[in-house]
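What's counted below: heavy atoms across the whole structure, side chains too, no hydrogens, waters or symmetry copies.
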Amino acid sequence: MSKTKPISFSATNRAQHLEQLKSKNFDILVIGGGATGCGIALDAAARGMKVALVEKGDFASGTSSKSTKLIHGGLRYLKQFEVGLVRETGTERAIVHKLAPHLVLPEKMVLPIIKNGTFGKWAASIGVWVYDLVAGVEKEDRRKMLSKKESLEKEPLLEASKLLGSCFYAEYRTDDARLTIELIKRAAQYGALAVNYCSATDFIYENKKVQGITCLDHLTGASFKIKARQVVSAGGPWVDKLRKINNSINHKKLHLTKGVHLVFPHEKFPLRHSVYFDVPDGRMIFAIPRGKITYVGTTDTNYKASLDRVVCTKADAKYLIDAIDHAFPDISLKETDIISNWAGLRPLIHEDGKSPSELSRKDEIFESETSLISIAGGKLTGYRKMAQRIVDLVDKRLPEKYASCQTRKIPLVEDSLKNTKAVNQYISTVEGRLSKIGLNEYFAWYLVTTYGKQTELILDAMSPCSDDPEVALARAEAWFGVHHEMTNTLVDFFVRQTGRLYFDIGSIAAIRTQVFADMSELLDWSDERQLAEEKQLDLMLQDATTYYDGEIEEAGSGKREAGGSIGYEIG
Ligand code: FAD
């Protein structure tokens with residue numbers, strides 16, 4: 001571990017983190033607390049570098065909480081001959097699963113083969129065989145080709161009249177926000193100093209080289225400087241905004257595309273397995289059952305509106321509902337069945353003449369003349385290799401000799417469950433404990449696949465005298481989030497820490513008041529801050545349940561603008 005003594009990753013220590021950020025000179029400063037930035041922070045800290053990271057919202061508040069939440073090689077990229085990308089992400093799947101078995105869970109997929117579909121029987125059989133081979137999938141997990149009858153047994157909701165058979169193959173499912181949070185917590189254990197709700201607003205130059213940044217703290221309104229020998233921008237969709245401030249935009253630019261997911265109650269869309277199915281326009285989308293819900297996505301459309309408030313439009317919802325209707329006509333899902341949604345932006349690299357779905361998902365590193373390094377593109381799945389490439393580059397630029405990349409051997413949670421069997425056994429143990437206090441097996445599954453063995457801390461923190469066990473559990477989670485995950489706001493809690501906005505939106509009303517009261521006390525919120533918190537959560541709830549006529553435009557555009565983009569500039 002790094003020699004720096006870590007400060008506990010508690011929101012109550014934020015002022016201490018800020019003091020240290022102001023007073024030290026870092027080897028590497030990362031802008032952006034998505035999976036890429038947090039992955040870089042962990043890699044660099046584990047090699048012994050002095051690391052700082054700033055995130056303008058919450059960790060994972062950008063694209064890293066809006067993905068399809070799959071750790072996958074990207075089967076369709078093989079059709080685009082992106083063999084290198086598929087090999088890297090395909091191989092990474094198994095590694096990331098081993099690093100966090102409670103969070104990256106094996107997920108079998110059904111790829112239906114239909115008349116005039118994207119994949120015919122032979123193409124699917126050979127394509128997925130190559131996919132497994134390229135990614136080094138274990139023998140027992142390799143794809144199986146199923147007859148029509150076997151396919152319908154696996155997934156009775158598939159439409160029988162069009163079905164010719166299916167391919168049953170292996171991927172992994174995750175919670176992208178939780179993965180990102182665990183990455184930054186782990187980086188902090190290795191000595192990285194990270195704060196959320198701090199924007200990089202400008203660069204500091206010495207001898208025409210970037211040697212730090214100016215920051216705005218959104219929770220206090222204060223401005224301050226951080227000095228570092230190397231600054232890396234992992235700003236996702238915001239990378240070009242930072243390159244613009246650095247005057248380093250050139251012919252290679254970002255091309256943003258929007259992806260929307262819709263959430264349905266599982267009883268309305270009772271899938272048994274995840275399905276990767278055809279859409280009439282030639283694209284393919286996922287339907288993924290998860291706990292109480294099934295989610296479906298994604299769209300892929302060009303995007304030029306607000307980066308800070310990305311919403312689902314009526315057209316997005318219609319596109320996905322029509323797609324479901326086409327593949328699963330018997331369930332007759334309607335817009336009124338949608339209970340939540342999320343919309344995110346892919347920071348892809350522009351290529352002239354290519355449609356959104358044709359653009360490469362490969363990552364790209366930009367090096368400016370003033371030595372700013374920026375990284376964009378890529379996949380959540382490939383975060384570790386992207387981080388390795390960046391830290392190798394930083395290592396080359398610094399005069400000292402650091403250790404080589406260590407992250408392949410660092411479990412994301414210190415007290416890690418070793419494998420899927422251990423995860424399932426632990427779920428059973430937690431089930432036993434929860435049943436005594438009136439919480440059913442859903443909560444055991446939820447807790448273990450969200451927090452792993454850290455569930456112990458939450459169960460220990462549950463108050464025995466609170467009358468409603470669901471409220472008692474949420475309060476213990478809020479305590480845990482504030483003290484161990486730098487959960488700073490109500491939105492952090494309901495969206496990123498617990499995923500309730502997407503996976504259990506119905507539970508929010510019953511626990512909101514008590515979680516608000518506890519967080520307000522733990523974090524000593526002023527009256528003004530309390531109002532901002534309520535307003536921000538209401539806005540998130542509105543966006544997750546509204547289908548807008550059009551996009552929300554950038555502030556200052558003169559059109560329908562993004563109100564409350566961050567919402568915490570309190571000062
Ligand atoms: P982000 O997560 O956006 O992080 C960038 C961060 O930088 C943000 O949190 C932002 O707030 C912060 N920031 C920006 N400017 C500043 C500033 N000035 N100061 C401080 N902080 C700043 N990949 C997969 O592997 N599997 C999938 O299933 C998958 N599905 C996807 C589905 C959709 C719809 C989309 C959009 C993407 C999907 N991806 C998937 C891709 C994956 O989500 C992204 O590659 C990944 O999350 C990008 O992470 P990032 O850290 O680069 O960007």
Side-chain angles (χ1 to χ4, degrees), residues 28-32 34-37 39-40 56 62-64 74 76-77 79-86 88-89 199-213 228 230-259 300-308 310 344-380 382-383 385-394 396-397 551 553-554 556-557:
I28 169 170
L29 165 67
V30 184
I31 304 172
T36 310
I40 295 170
K56 77 182 179 64
T63 304
S64 299
R76 78 178 181 84
Y77 310 135
K79 275 185 79 185
Q80 290 162 287
F81 301 106
E82 299 231 37
V83 179
L85 175 71
V86 175
E88 181 168 298
T89 48
S199 282
T201 50
D202 206 350
F203 295 98
I204 302 169
Y205 298 89
E206 280 171 27
N207 301 322
K208 299 194 177 153
K209 298 288 175 209
V210 172
Q211 292 288 291
I213 58 167
Q230 183 61 63
V231 176
V232 172
S233 163
W238 292 265
V239 151
D240 276 358
K241 288 199 181 247
L242 286 153
R243 290 172 77 211
K244 206 166 170 190
I245 298 174
N246 179 240
N247 285 319
S248 57
I249 295 264
N250 55 18
H251 63 285
K252 281 219 165 180
K253 289 198 188 73
L254 291 193
H255 182 136
L256 302 181
T257 77
K258 185 174 79 163
D300 197 0
T301 49
N302 288 322
Y303 188 80
K304 292 210 156 61
S306 167
L307 305 193
D308 293 311
V310 187
L345 299 177
R346 299 176 186 85
L348 306 176
I349 314 301
H350 181 76
E351 292 170 76
D352 281 338
K354 290 213 170 167
S355 73
S357 294
E358 285 167 346
L359 288 171
S360 171
R361 266 56 180 167
K362 276 204 301 266
D363 58 284
E364 183 92 21
I365 295 175
F366 308 94
E367 295 181 66
S368 83
E369 279 178 14
T370 54
S371 92
L372 173 70
I373 299 174
S374 306
I375 181 159
K379 304 281 295 171
L380 181 76
Y383 81 83
K385 294 304 280 182
M386 288 164 71
Q388 182 178 352
R389 282 194 278 280
I390 289 291
V391 184
D392 283 349
L393 181 59
V394 170
K396 263 196 216 139
R397 288 187 179 188
E551 307 294 358
E553 299 297 332
E554 288 275 7
S557 64

Closest contact, heavy atoms only, S233 versus V239:
OG-CG2, 3.9 Å
Any idea which heavy atoms bring A305 and E551 closest together, and the distance?
CB-CB, 3.5 Å
Would R389 and I375 satisfy side-chain contact (heavy atoms from CB on, under 4.5 Å), going step by step from the backbone distance to the final call?
CA-CA 10 Å; R389 282 194 278 280; I375 181 159; 5.8 Å; no
Would you give the length of the straight line joining atom CH2 of W238 to atom CG of L345, rounded to the nearest 0.5 angstrom?
7.0 Å
Heavy-atom side-chain proximity of K56 to D308 below 4.5 angstrom:
yes
Who pairs with N207 by side chain to side chain donor-acceptor pair (under 3.5 Å), at least two apart in sequence or on another chain?
none
Determine whether I28 and I40 satisfy the following criterion, side-chain contact (heavy atoms from CB on, under 4.5 Å), listing intermediate values before the conclusion.
CA-CA 10 Å; I28 169 170; I40 295 170; 3.9 Å; yes
Between Q230 (side chain only) and V391 (backbone N and O only), is there a donor and an acceptor less than 3.5 Å apart?
no
Hits for salt bridge (Lys or Arg N to Asp or Glu O under 4.0 Å) against D300, two or more places apart or cross-chain, chain-then-number order -> R346, R361
Quick one, I213 and F203 - any side-chain contact, counting heavy atoms below 4.5 Å?
yes
Mind checking the OG1-NZ spacing from T89 to K385? Nearest 0.5 Å is all I need.
12.0 Å
Rounded to the nearest 0.5 Å, how far does OG1 of T201 lie from CD1 of I245?
7.0 Å
For D392, give me all partners under salt bridge (Lys or Arg N to Asp or Glu O under 4.0 Å), at least two apart in sequence or on another chain.
R47
D240 side chain to L254 backbone, donor-acceptor under 3.5 Å:
yes
Taken in chain and number order and not counting sequence neighbours, the residues that satisfy salt bridge (Lys or Arg N to Asp or Glu O under 4.0 Å) with E364 are K252
K209: partners by salt bridge (Lys or Arg N to Asp or Glu O under 4.0 Å), with sequence neighbours left out
none
Is a side-chain N or O of R243 found less than 3.5 angstrom from the main chain of F366, in a donor-acceptor match?
no
Rounded to the nearest 0.5 Å, how far apart are CD1 of I390 and CD1 of I365?
4.0 Å
For the student: nearest non-hydrogen atoms of S64 and A35, plus distance
OG-N, 2.9 Å
Any donor and acceptor pair, going by atom type alone, linking the side chain of T36 with main-chain N or O of A234 inside 3.5 Å?
no
Any heavy-atom pair between the side chains of N302 and H255 that's under 4.5 Å?
yes
By side chain to side chain donor-acceptor pair (under 3.5 Å), which residues pair with T370, not counting sequence neighbours?
N246, S368
In terms of heavy-atom contacts, G212 and V231 come closest through N-CG2, 3.9 Å
Can you tell me how far the CG atom of L256 sits from the OG1 atom of T301, to the nearest 0.5 Å?
11.0 Å
Run the side-chain contact (heavy atoms from CB on, under 4.5 Å) check on E554 and L307 step by step: do they pass?
CA-CA 7 Å; E554 288 275 7; L307 305 193; 3.8 Å; yes
Heavy-atom nearest pair, G344 first then V310, reads N-CG1, 4.3 Å
All heavy atoms of L372 vs all of S374, minimum pair found to be CD2-OG, 3.8 Å
Reported CD-to-CE distance for the pair Q388 and M386, which is rounded to 0.5 angstrom:
12.5 Å
